[in-house]
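Okay, structure first, notes after.
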Amino acid sequence: MTTGVPDGVSRAPEPVRRLARAVVERGYAWYPVEMTSPGWGDRLYGARTHIGEVRIWSHRLSWGVTLGAPGMPVFVDAGVWQACRTGEVLGMARPPIAEQVAWLEALLASRSLPPYEVECLTRLERERREQPPAYTGLPLAIILITSISLIVAMAWASLALDMVGLRVMAAGAFAALLGWLLRPVAAHRAARRARQRREEG
C-alpha cells in the first residue's frame with residue numbers, strides 16, 4: 001500500500017497525475033498490481049474506491065485508466081462505458097487519455113455509479129481485446145517513420161545497386177505496412193457487422 005501518489009506515475013501525462021492525486025485526496029490508497037503480461041516499462045496501480053477499483057496502467061509509451069465496477073469481471077475504459085450507455089459502435093482506438101481521466105473524475109465525484117449493464121460492458125471489453133491493437137499518437141508516429149524510412153532506404157538501394165531482390169523486398173514491406181494499417185479498420189467493420197447481426201437476431 002502507498003498513502004501517496006505512486007512514484008511510477010511521476011512520468012505520466014498530467015491528467016493521469018491529476019487523477020492519482022484526486023484518488024489520494026479522497027482518502028483512498030494506491031497499491032501496485034502485478035501485470036498479467038509484463039513488458040519492459042509496464043506499470044499497473046489500483047485503488048479501491050466507492051465506485052469500484054480504479055486502475056492506472058502504462059505499457060511502453062501508452063497510458064490508460066480503467067474501472068472495475070462492482071460485479072464486473074473485467075476493467076473498462078471510457079470508450080466501452082460510453083458505447084454501452086449510448087448503443088454506439090465501439091471505436092477501434094481507446095479514447096484520448098484526457099477523456100478517460102475526465103470520465104473517471106466525474107464518476108468519483110458522484111455518490112454512486114449510474115446504472116450499468118455488466119453483460120454489455122463485459123462483452124464489449126472482450127471484443128476489444130480480440131481486436132488488433134490500435135496504435136495512436138507517438139507510438140504510431142514512431143512505427144510509421146521507422147517503417148517508411150526502411151522502405152525508402154531499400155527502394156533507393158535497389159535502384160543504386162540495380163538489385164531486383166531489394167525491389168521485391170521493398171514492395172513486400174510496403175504491402176505489409178499497408179495491410180497492417182488497414183487491419184484495424186477491417187476488424188472494426190467486422191465487429192460492427194457482428195453486433196448488428198446480434199441486434200437483428
Side-chain angles (χ1 to χ4, degrees), residues 1-86 88 90-142:
M1 283 285 187
T2 176
T3 56
V5 176
D7 292 337
V9 181
S10 61
R11 296 183 181 180
E14 193 281 329
V16 175
R17 299 197 306 271
R18 188 179 70 234
L19 174 66
R21 292 192 299 268
V23 167
V24 172
E25 289 167 0
R26 290 180 176 275
Y28 303 114
W30 289 105
Y31 51 87
V33 179
E34 183 179 352
M35 296 292 289
T36 55
S37 56
W40 184 86
D42 289 353
R43 296 180 180 87
L44 180 60
Y45 301 98
R48 293 185 179 88
T49 73
H50 66 287
I51 60 170
E53 186 175 354
V54 174
R55 285 190 171 181
I56 292 176
W57 58 266
S58 71
H59 181 64
R60 297 192 178 98
L61 299 176
S62 298
W63 287 84
V65 295
T66 54
L67 172 67
M72 282 174 43
V74 295
F75 287 80
V76 301
D77 64 12
V80 173
W81 187 271
Q82 184 69 10
C84 277
R85 288 183 62 82
T86 63
E88 298 174 357
L90 181 63
M92 291 181 293
R94 296 182 183 274
I97 191 61
E99 185 178 322
Q100 295 183 47
V101 169
W103 161 69
L104 270 181
E105 287 175 329
L107 292 179
L108 282 168
S110 62
R111 292 187 176 182
S112 60
L113 285 174
Y116 56 93
E117 297 180 30
V118 173
E119 182 180 346
C120 177
L121 292 168
T122 302
R123 175 173 52 81
L124 288 187
E125 177 58 28
R126 287 176 176 163
E127 284 180 6
R128 167 173 275 169
R129 291 179 188 174
E130 294 170 0
Q131 294 179 4
Y135 293 94
T136 58
L138 185 58
L140 178 60
I142 291 172

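Residue numbers run from 1 in the order of the sequence given.
- For the pair Gly79 and Pro95, the tightest heavy-atom approach, listed with the atom from each and the gap, is N-CG, 3.3 Å.
- Between the Gln100 side chain and the Val65 main chain, a donor and an acceptor come within less than 3.5 Å of each other.
- Closest of all the heavy-atom pairs between Leu67 and Ile51 is CD1-O, 3.6 Å.
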Given side chain to side chain contact (heavy atoms under 4.5 Å, CB included), test Glu34 with Leu44 step by step and report yes or no.
-> CA-CA 7 Å; Glu34 183 179 352; Leu44 180 60; over 6 Å; no
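- Under a 3.5 Å cut-off, the side chain of Trp63 and the backbone N or O of Pro13 do not form any donor-acceptor pair.
- At least one donor-acceptor pair under 3.5 Å links the side chain of Arg17 to the backbone N or O of Ala12.
- Here Trp57 contributes atom CH2 and Arg43 contributes atom CZ; the two are 13.0 Å apart, rounded to the nearest 0.5 Å.
- Atoms CZ and CG, from Arg126 and Leu124 in turn, are 11.5 Å apart once rounded to the nearest 0.5 Å.
- Of all non-hydrogen atoms in Thr122 and Pro73, the two that sit nearest each other are OG1-CD, 3.5 Å.
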Audit row: Leu121, Trp81, side chain to side chain contact (heavy atoms under 4.5 Å, CB included) steps and yes/no = CA-CA 7 Å; Leu121 292 168; Trp81 187 271; 3.9 Å; yes
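- A salt bridge does not link Arg85 to Glu117: none of the charged nitrogens lies less than 4.0 Å from a carboxylate oxygen.
- In terms of modelled atom types and a separation under 3.5 Å, the side chain of Asp77 and the main chain of Val80 share a donor-acceptor contact.
- Using a 4.0 Å cut-off between charged nitrogen and carboxylate oxygen, Glu14 and Arg18 count as a salt-bridge pair.
- The CG atom of Leu104 sits 8.5 Å away from the OG1 atom of Thr49 when rounded to the nearest 0.5 Å.
- Heavy atoms of other residues, nucleotides or ligands lying less than 6.0 angstrom from CD of Glu119 number 12 at most.
- The heavy-atom pair separating Tyr45 from Pro32 by the smallest distance is CD2-CA, 3.9 Å.
- Residue Trp103 comes nearest to Val76 through the heavy atom pair CH2-O, 3.5 Å, listed as atom of the first residue, atom of the second, then distance.
- Residues Val9 and Ala20 come closest through the heavy atom pair CG1-CB, 4.1 Å.
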Evaluate salt bridge (charged side-chain N to carboxylate O under 4.0 Å, His left out) for Glu125 paired with Arg123, printing each intermediate quantity in order.
-> CA-CA 6 Å; Glu125 177 58 28; Arg123 175 173 52 81; over 6 Å; no
Kindly determine whether Ile56 and Trp30 satisfy side chain to side chain contact (heavy atoms under 4.5 Å, CB included), including the steps that lead there.
-> CA-CA 10 Å; Ile56 292 176; Trp30 289 105; 3.6 Å; yes
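- At distances below 3.5 Å, at least one donor-acceptor pair connects side-chain atoms of His50 with backbone N or O atoms of Ser110.
- Put simply, the side chain of Leu113 reaches to within 4.5 Å of the side chain of Pro70, judged on heavy atoms.
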